[in-house]
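What follows is a set of notes on a single structure, which appears directly below.
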Amino acid sequence: MLTVENIDVHRGKTHVLHQIDLHVGHGEIIALIGANGAGKTTTLKTISGLLRPTKGKILYTPEAGKAPIDISTMAPEQIVGAGISQCPEGRGVFAQLSVKENLLVGAYLRSDKEIEKDIQSVYEMFPILGERSTQAAGKLSGGQQMMLALGRSLMSQPKLLILDEPSLGLAPLIIETIFAMLQKINSQGVTILIVEQNAVMALDLSHRAYVLETGRVALSGLSSDLASNPQIQKSYLGVE
Amino acid sequence: MDSGYIAQQLVNGLILGSMYALVAIGFSMIYGIVRLINFAHGDIVMIGAFATLAFIETVGLPFPLVALCVFLTCCGVGIVIERVSFRPMRGAPQVTGFIASLGISIMLQNIGILTLSAQPRNFSFPGYMQTILHLGSVSFRIIDLVIFLTAIVLMVTLVLLVKKTKLGIAMRATAENIDVARLMGININHTIMATFAIGSGLAGIAGLMWGGKFGQIDPLMGYVPGLKSFVAAVIGGVGSIPGAILGGFILGLAEVLFVGLLPPIYSSYRDAFVFGTLIVILIILPNGLLGKDLEDRA
Amino acid sequence: MEMNRPRYSLAIMIISLTVFSFLIENMANDYILAIVCFTGINIVLAVSLNLTNGFTGLFSLGHPAFMAVGGYITALLTFPAEKKPLFLPDFPQWLDSFHLPFFPALLVGGCGAAFVAFLVGISVLRLKGHYLAVATMGFIIIIQVLLNNADTITRGPLGLNGLEDFTNTYWVSGWVIVTVYICWKIKFSSLGRSMLAVREDEMAANALGVNLFSTRSFALIVGAFFAGIAGGLWGHLITALTPGSFSLLMSFNIIVMVVVGGTGSITGSVLAAIIFTLTIECFRPLEENFGIYGVGEIVMALFLVLVLIFKPSGIFGTEEPDFVMGKHKP
C-alpha cells in the first residue's frame with residue numbers, strides 16, 4: 001500500500017533522515033519505534049507532505065492491484081484526499097473549536113451526505129464526545145482529546161491511518177481503550193502505521209515493526225520476532 | 001453640557017467606531033491566521049475610496065452596485081498583495097512580514113500619488129444622502145445612518161460566516177494550528193487567501209464610508225484609519241473578530257468623547273491619546289479585552 | 001595583527017575622511033555638499049539603528065522620534081539670541097539663559113535623546129517583535145503631537161527655521177567615524193556578543209546570565225544617542241525643523257537601509273546608506289522634471305520587499321565582509 005523508497009530529509013541544514021525504506025502492506029498494522037530524535041515524527045510528516053524529501057520516493061497504492069502514485073511531491077491536502085490521514089503528535093485538536101467542529105474539519109474534503117452519519121458513529125464509538133459535542137475541545141481531558149483526534153482522523157474515511165504517539169501522556173486504562181479501538185478499526189479494513197515510544201504496546205498491536213535509530217532503519221521484522229530479540233528487549237522493552 | 005449634547009457625541013462616536021471596526025476586523029483576521037500585522041491594510045481603505053469615486057463618476061453605477069464592486073475590487077487587491085508578497089515570506093520571522101507590509105503601504109501610497117496626484121479630491125454622494133434627520137435632540141445625515149447600518153449588517157454576516165460555514169471553520173482551524181489544518185486536508189493557501197480577500201473587502205467598504213462621511217479623499221488618507229483601526233484591534237484583542245468590533249466602537253466613542261467633553265485645548269492631543277492608549281494596552285493587557293492567548297507578546 | 005587591525009582601520013578611516021572632507025569642501029558646489037552631508041547623516045542613522053535593531057533583534061521604529069528630540073534640543077540651544085524675539089516671542093525666560101556652541105549642543109541633544117530612550121525603554125522593552133515595532137511607531141506619533149502643541153518653544157507645525165547652517169562635511173565625517181567606531185567596538189566586545197545572543201535565542205542568553213532588559217536598554221539608548229546627534233546635524237544642515245519631517249516615512253527609509261544592508265552588519269548599513277541616499281537624490285530631479293512624484297519611494301519599497309523575499313537577512317547578513325575584515329576575523 002505504501003512504499004517509502006530510500007528517502008533523505010533535511011530540516012534546515014540538518015540531515016535528519018538517511019535512506020529510509022519502509023513498506024506497509026494492505027490491511028497491516030505497522031509500528032515505527034525508536035528513541036527521541038530518531039526521526040519517527042519526521043518520517044510521518046514527510047509521508048503526509050508537511051516535509052519534502054530531498055531524495056527518494058514515496059509510492060502509495062490506494063487499492064491493491066492499482067498503479068502506485070508518488071506522493072512525495074504532493075501537497076498535504078491532496079495526500080489526505082488520496083486516503084491517508086494522520087493523527088498528529090500531541091493530538092492537535094483545535095482547542096477553540098467545538099468537538100463537533102473538530103469532526104467537521106476532519107471531513108473537510110468530503111461533500112457527501114454521510115458526514116452527519118459518520119459523526120454519529122464517532123459518538124457511538126466514544127459516547128463522551130457525543131455528550132460534549134458543543135463544548136470547546138480545549139476543555140476536554142487528555143484522553144478525551146485523543147479520542148477526538150482519532151475520531152477526527154477517521155472522518156476523512158482514510159484507507160491508511162497514521163498515528164503519531166497516541167499514548168503520549170495518557171493514563172494506562174485510556175491507552176488500552178484507544179489501542180483496542182485501533183485493533184477494531186484495522187479489522188474493518190483500515191491499514192495503520194503507528195509511531196510509538198511505548199514499544200511494548202506497539203509491538204503487541206502491530207504485525208510488523210521498524211526500529212529507527214538516528215535517522216536510519218536499524219532493524220525491521222515481524223513484531224513478535226522483534227519482541228523476543230534480546231537487543232530490542234534491552235533497549236526498548238526494559239527487559240534486563 | 002446637556003444630555004442632548006452627550007447623546008449627539010455618542011451617536012458620532014458610534015458612526016466613527018463602526019468604520020474603525022470594519023477595518024479592525026481585517027487586521028484581526030489576518031493577524032489571527034498568519035500572525036502578520038499588515039500595515040498596508042489601512043491603504044486598502046484608500047483604494048476603496050478611490051474605487052468608489054471611479055465607479056460612481058466614471059462608470060456611473062447605482063449606489064448598492066458601487067458598494068459591491070468596491071468590495072470585490074478590494075478583495076482582489078488583498079489577494080494580489082498576499083500572493084505576491086506575504087506568501088513567499090511565510091515561515092519567516094514575524095517582523096519580516098511587518099516590515100514588508102510597511103514597504104507595501106509606502107508603495108501603495110506613492111502609486112496613488114503617482115497616478116492620481118497628491119491633491120485631495122472631493123467626494124460627494126447623491127444629494128439625498130446628505131439630508132439631515134432629527135431624532136429628538138440628536139441629528140445625523142442619511143449617509144451616517146447608511147454607514148452605521150451597513151457596518152452592522154456586514155459584521156453580523158461575517159460573524160455568521162466564520163461561525164457557521166465550512167470556510168469559517170477552516171479559517172478558525174488554520175488560525176489555531178496551521179500544520180494540523182493541513183493534515184486535515186485544508187488547503188491553507190485558499191483559506192489564507194479568503195481571509196485577506198474578506199478583510200480587504202471590508203476595508204474597501206470602510207473607504208467608501210470614510211469618503212462619504214468626510215467628503216475628501218487623497219492617496220495618504222489610509223494612514224490614519226489604518227493606524228487607529230489597528231489600535232482598535234489591539235484593544236479588542238488581535239485575532240478576535242468580536243474583539244475587533246468591540247475595540248472599534250470603544251475607540252470611536254473614546255475619541256469623540258475625548259474631543260467633545262474635554263476643554264478644546266486638549267483636542268489637538270487626540271492622536272497622542274489614541275497611541276498612548278495603544279502602548280498602555282500592549283503593556284498591561286497584551287491580549288486585549290476578548291483576545292485569546294495566542295502567544296507571548298510581552 | 002588581529003589586535004591592531006581595528007586601529008589601522010580607524011587611522012585609515014580618519015585620514016581618508018579628513019582628506020575627502022577637505023577636498024569636497026573646497027571643490028564641490030553647495031548641492032553636492034548637501035548630498036554628501038545627507039549621506040553621512042544617513043550613515044550615522046543606519047549604523048546606530050543597526051545597533052538597536054540588528055544586533056539585539058529589537059525592532060524599534062522610533063529613530064525619527066529620537067532624532068526629533070536631539071534635533072530640537074540642539075536647535076534651541078544654538079538658536080541665535082537676536083532672532084528669538086522675532087521667531088519665538090513667547091519663549092520662556094528661564095530657557096533663554098541656556099545657550100551653547102554647536103558641538104556641546106549636539107552632545108546635549110544626543111544625551112537628551114538617550115534619556116528619552118531610557119524612559120521609553122522602561123515601558124516598552126517588555127514587548128517583543130512586531131509589538132515593539134508598533135509601540136515605537138505610536139511613540140513617533142506621540143512625539144509629533146507634543147512638538148506640534150508645544151508651540152511656545154517649537155513654533156508648532158510651522159517648525160523652527162532660521163537655524164544656523166553649522167553642519168558641514170567635517171562635522172558629519174567626524175560623527176560618521178565616531179558612530180562606526182563605537183558600534184564596531186561594541187559589536188566585537190563581550191557586550192556585542194551578548195546582544196547577538198539575545199537576538200538569536202533570548203531564553204538561552206538569559207540562562208547564560210545575560211541580563212535581557214539591560215542589554216536591550218543599552219542598545220536602545222546608544223542607538224538613540226546617535227539618532228539625536230543625527231537629528232542635530234540634520235536640523236543645522238537644512239536649517240529648519242518641522243514635526244512632520246520626523247515621520248514614519250523617515251523611519252521606513254532608515255529601516256530599508258538596515259534591512260537591505262544586513263541586520264547586524266555595519267558595513268552593510270554604511271553601503272546601503274550611501275546607495276540609498278544617492279538613489280533618492282537621483283530620482284529627485286527626475287520626479288521634479290517629469291512630475292512623477294513618488295517614484296523614488298516606490299522603487300525603494302519594491303527593492304525592500306524583494307530583498308525580504310529573496311534574501312531576508314540582507315545583503316551582508318550579520319557578517320562584516322572580508323574586504324573590511326581582512327583575513328583575520330575577530
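Letters A, B, ... mirror the listed sequences (proteins, then strands); counts begin at 1.
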Which bit of C/T136 comes within less than 4.5 Å of chain B, counting heavy atoms only: side chain, backbone, both or neither?
neither
Residue C/I143 versus chain B: region with a heavy atom under 4.5 Å:
neither
Side chain, backbone, both or neither of B/I111 within contact of chain C (heavy atoms, under 4.5 Å):
both
Within 6.0 angstrom of C/F118 CZ, more than 12 heavy atoms from elsewhere:
no
So which bits of residues 77-90 of chain B come within less than 4.5 Å of chain C, counting non-hydrogen atoms only?
B/V84, B/S85, B/P88, B/M89
If you compare all heavy atoms of C/E297 against all heavy atoms of B/I106, which two are closest, and at what distance to 0.1 Å?
CB-CG2, 4.0 Å
Engaged part of C/V134 at the chain B interface, taking heavy atoms whose separation is under 4.5 Å
both
Apply side chain to side chain contact (heavy atoms under 4.5 Å, CB included) to the pair B/F98 and C/L61, showing each step before the final yes or no.
CA-CA 11 Å; B/F98 175 72; C/L61 296 176; 3.9 Å; yes
Any side-chain heavy-atom pair from B/R270 and C/V145 closer than 4.5 angstrom?
no
Give the member of B/I113, B/I99, B/V280 that has the highest number of heavy-atom pairs under 4.5 Å with chain C.
B/I99
Per-residue contact mode, B/L227 against chain C (heavy atom under 4.5 angstrom)
side chain
Could you please spell out the steps behind the side chain to side chain contact (heavy atoms under 4.5 Å, CB included) verdict for C/V305 and B/M107?
CA-CA 10 Å; C/V305 174; B/M107 221 187 293; 4.0 Å; yes
C/M137 versus chain B, heavy atoms under 4.5 Å apart: side chain, backbone, both or neither?
side chain
Do any of residues 245-255 of chain C come closer than 4.5 Å to chain B, heavy atom to heavy atom, and if so which ones, in number order?
C/L248, C/L249, C/F252, C/I255
Part of C/I141 lying under 4.5 Å from any heavy atom of chain B:
side chain
Tell me which one of B/F275, B/F273, B/Y269 satisfies side-chain contact (heavy atoms from CB on, under 4.5 Å) with C/I142.
B/F275
With a 4.5 angstrom heavy-atom cut-off, is it the side chain or the backbone of C/L304 that approaches chain B, or both, or neither?
side chain
Tell me, side chain or backbone of B/I279 under 4.5 Å from chain C's heavy atoms, or both, or neither?
side chain
Please report the shortest heavy-atom distance between C/A301 and B/G103, naming the atom on each side.
CB-O, 3.2 Å
Between the CG atom in B/L278 and the CZ atom in C/F139, the distance rounded to the nearest 0.5 Å is 13.5 Å
Closest non-hydrogen atom pair between B/L282 and C/A135, with its separation
CD1-CB, 4.0 Å
Exceeds 12 heavy-atom contacts within 6.0 angstrom, atom CZ of C/F115:
no
Applying a strict 4.5 Å limit to non-hydrogen atoms, the region of B/A92 in contact with chain C is neither
